[in-house]
Amino acid sequence: MDLLLLDLVIVLAAARLLGSLAGRLGQPPVVGEILAGILLGPTLLGPFLGDELFGPEMKPPLQALANVGLVLFMFVVGLELDQKLVRGKGRIAVTVALGSTVLPFALGCVLALALASEHVGGDRTLPFVLFMGAAMAATAFPVLARVLTDRGMQRTTLGGLSLAAAAVIDVLAWTVLAVVVAVAGAGDAEGQWKVLLALPYALVMFLAVRPLLARLVPAYERAGRLTPGLLSVVLLGLIGSAWATEWMHVHFIFGAFLFGAVMPREGAERLNHEILERLEQLAVLLLLPVFFVVAGLNVDLRELDPSSLGTLAAILAVAIGGKLLGSYAAARAAGVPGRQSWALATLLNTRGLTEIVILTVGLQKGVLDNELYSLMVVMALVTTGMTGPLLRRVYSDRRVARDIAEAERAALGETAAHRVLAVVPDPPGEQGPLADLAATLAQAASPSEVALTHLRPYPRDRLEVGTGLSSELAEMAGVLHDLEALAAAARTRGAEPRVVSRFASDVAAELPEVVAGARPDLLVLPAGVPGYAELRAGATCRVVTVLSPGGPETAGPGTGPVALHRGSGGSDAAAHVALVLAVLHDRPLVVSGGGRASALAQRLSRLGVTATAGGIPPGALVVAPDTGTVPDGAHLLVRAEQDPDPVDWAAAVSALRAPAAQG
């Protein structure tokens, strides 16, 4: 008993220390807890000290405690499985889940067939192959939820979709694992008929036990708190359900998960919250770390030989490649944009906790040997550890911040308008083409708004109440009149214009503050405006630099062609601006710049746009990417926003058709 208590002290201290260290490094605590187990096991301590502390006589009681923690944890997972996640996202979530499951499952089965002769006997080949497929296809729903919560993404569209897909993947993975356990445990006559009770048992739980559990809600409301009696009923049902599925040879984790899934949801929010509060403290702080450390104790990397490195490389290639490619292809097929599809695939590649549970079941049932178990645990650590850094690479914090802001506006019932901000230079009365350009570009999205901003330097002598004030006020009134005239012209294009005009001590210094405060999606910026270089460098949105602000060719409704100069730094942003101007002003589009220009022109032509490839014709409005140099004859330079998405040309043309028809 004294050694068991000492082991628990060591296990909990190591799990807490390395779990906290993992959190500081931006990793889920489960990574540190599993590493703690590996370090406490034979890999680091070796057979001498490791056998003294965690010898064969100590593993059974530690495993028993770990299994109790696993029962509580699987109940918590089932209870927290929000069935509302799939609502409204059902088709996309199911499509992504199938792609994220089928490809890695199939690749895992193929890999298992190649490894079967070395690691399992002939009668264990089928459960081994199915098990490897299920292990490759798993996604750790709880760890994924933790990653999303740490980044504040749980309320974003991407976060909700990934959770919904992970919930479906969980159901598929547990179903396959149940089949594997049933096949693996059906070697004796008794096990064969008991397994057949699993499906009727699940039906009884949903159709009979669930209505009975709903009676807990009025009992809780009468008591006003979670009484020991109510908690005892829940624990008795949980442990009884876990025992029933273990007796059926379908493993106790399924009974625990199923009992959590059938707990009442309607009106039971406070009850479930109190249950989670009580059980999570015991499971997460004490018993679950024991489970992870015990899982790590079974890993012995010392016994691996050089040939194991090839097996590990194959496992990592199948696990990572299958998940990423399967999830990405399915997301794209469901209409999810490219960058979001990669982010979704990265999130669904998270395995961690769920993978460790599956691997532990495989080891206990004799489906995995110790070598493969160790290699698969390493795969679980790698795929979990790579999620955070890879997600930041694929989907930056800046994009996450935009998604969170959009989600908050949606929660408040606000519609985020596409905002185009135009900096109006002096004299405002001559900037009609500039305002028309801003209004035209705003029509690329709906709803949209145009902000016309003009800062006027203070007179040499500061304004004072008294003699001379009337002339300055008259001057400002004239400026406002000119800006309102520009706004009225912009309003005819369907955008809702706003005017911002005031005096400034230093126009060049104050303009960046005004632009940053407006948070535009697109900035229209005359090249000669005070502080142009600082404005352009500081803007994170798309920037359109106007090289000839007073020229009628800038954006007037003429009939001359719009020319896109792609150059060596061809930009989707510049091409999109040229497309907007060509379609909304009913002008032909000429794309110059070699083979890529010809491909783009052909693609737009197939979408019904009058587009050709060739040289820039005389009198054309020339749009070019802003790459630091100004091509000859260019009128507009376009710099893409930070972290731009590739333009979906079919969607872009479709979005422009309605405004063009109305105009």
Side-chain angles (χ1 to χ4, degrees), residues 417-422 432-452 489-497 520-525 541-549 551-566 570-593 597 600-601 603-612 616 620-626 634-641 644-663:
H418 180 74
R419 180 173 298 169
V420 176
L421 176 65
L434 181 71
D436 185 71
L437 171 65
T440 301
L441 296 176
Q443 290 180 272
S446 180
S448 62
E449 63 180 24
V450 175
L452 303 176
R491 193 174 289 112
T492 61
R493 290 199 167 273
E496 186 56 39
D521 299 291
L522 187 148
L523 177 62
V524 179
L525 195 60
C541 62
R542 181 180 293 186
V543 179
V544 176
T545 297
V546 184
L547 298 175
S548 52
E553 72 279 7
T554 299
T559 57
V562 175
L564 170 64
H565 178 83
R566 288 187 71 85
S571 166
D572 274 359
H576 185 232
V577 167
L579 174 68
V580 171
L581 296 175
V583 171
L584 295 182
H585 284 303
D586 196 22
R587 298 181 178 185
L589 177 64
V590 179
V591 189
S592 68
L600 177 61
R603 185 172 186 179
L604 293 177
S605 295
R606 288 194 296 268
L607 294 171
V609 178
T610 306
T612 57
I616 298 176
L621 166 61
V622 182
V623 182
D626 189 350
H635 301 107
L636 303 177
L637 300 179
V638 183
R639 194 202 69 187
E641 61 271 33
D645 280 325
V647 174
D648 184 336
W649 296 110
V653 173
S654 177
L656 294 171
R657 292 298 185 195
Q662 293 171 4

Full working for side-chain contact (heavy atoms from CB on, under 4.5 Å) between Thr440 and His585: CA-CA 8 Å; Thr440 301; His585 284 303; 3.4 Å; yes
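- Here the shortest heavy-atom pairing between Val450 and Ala439 reads CG2-CA, 3.9 Å.
- For the pair Leu656 and Val609, the minimum side-chain heavy-atom distance is 4.5 Å or more.
- Put simply, the side chain of Val638 does not reach to within 4.5 Å of the side chain of Val543, judged on heavy atoms.
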Can you check side-chain contact (heavy atoms from CB on, under 4.5 Å) on Val647 and Leu579, steps first, answer last? CA-CA 11 Å; Val647 174; Leu579 174 68; over 6 Å; no
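- Taking CZ of Arg542 as the start and CG of Asp626 as the end, the distance is 12.5 Å to the nearest 0.5 Å.
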Run Val546 and Leu636 through side-chain contact (heavy atoms from CB on, under 4.5 Å) and show every step you take. CA-CA 5 Å; Val546 184; Leu636 303 177; 3.9 Å; yes
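- The minimum heavy-atom distance linking Ile616 with Ala563 is given by the pair CG2-CB, 3.8 Å.
- A side-chain donor-acceptor contact under 3.5 Å links Ser592 to the backbone of Leu564.
- At a threshold of 4.5 Å between non-hydrogen side-chain atoms, the residues Arg587 and Leu581 do not count as touching.
- Minimum heavy-atom separation, Leu547 to Ala634: CD1-O, 3.3 Å.
- Smallest separation of non-hydrogen atoms from His576 and Ala444: CE1-CB, 4.2 Å.
- In terms of modelled atom types and a separation under 3.5 Å, the side chain of Arg639 and the main chain of Cys541 share a donor-acceptor contact.
- A donor-acceptor contact shorter than 3.5 Å links the side chain of Ser605 to the backbone of Ala601.
- Of all heavy-atom pairs spanning Ala574 and Val623, the tightest one is O-CG1, 3.7 Å.
- Shown here are the side-chain hydrogen bond (donor to acceptor under 3.5 Å, both in side chains) partners of Thr612, two or more places apart in sequence or in another chain: there are none.
- Nearest heavy atom pair, residue Leu637 against residue Pro625, reads CD2-O, 4.3 Å.
- For Ala651, the side chain to side chain contact (heavy atoms under 4.5 Å, CB included) test picks out Asp648, with sequence neighbours left out.
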Going through the checks in order, is the side-chain contact (heavy atoms from CB on, under 4.5 Å) test met by Arg603 and Val653? CA-CA 11 Å; Arg603 185 172 186 179; Val653 173; over 6 Å; no
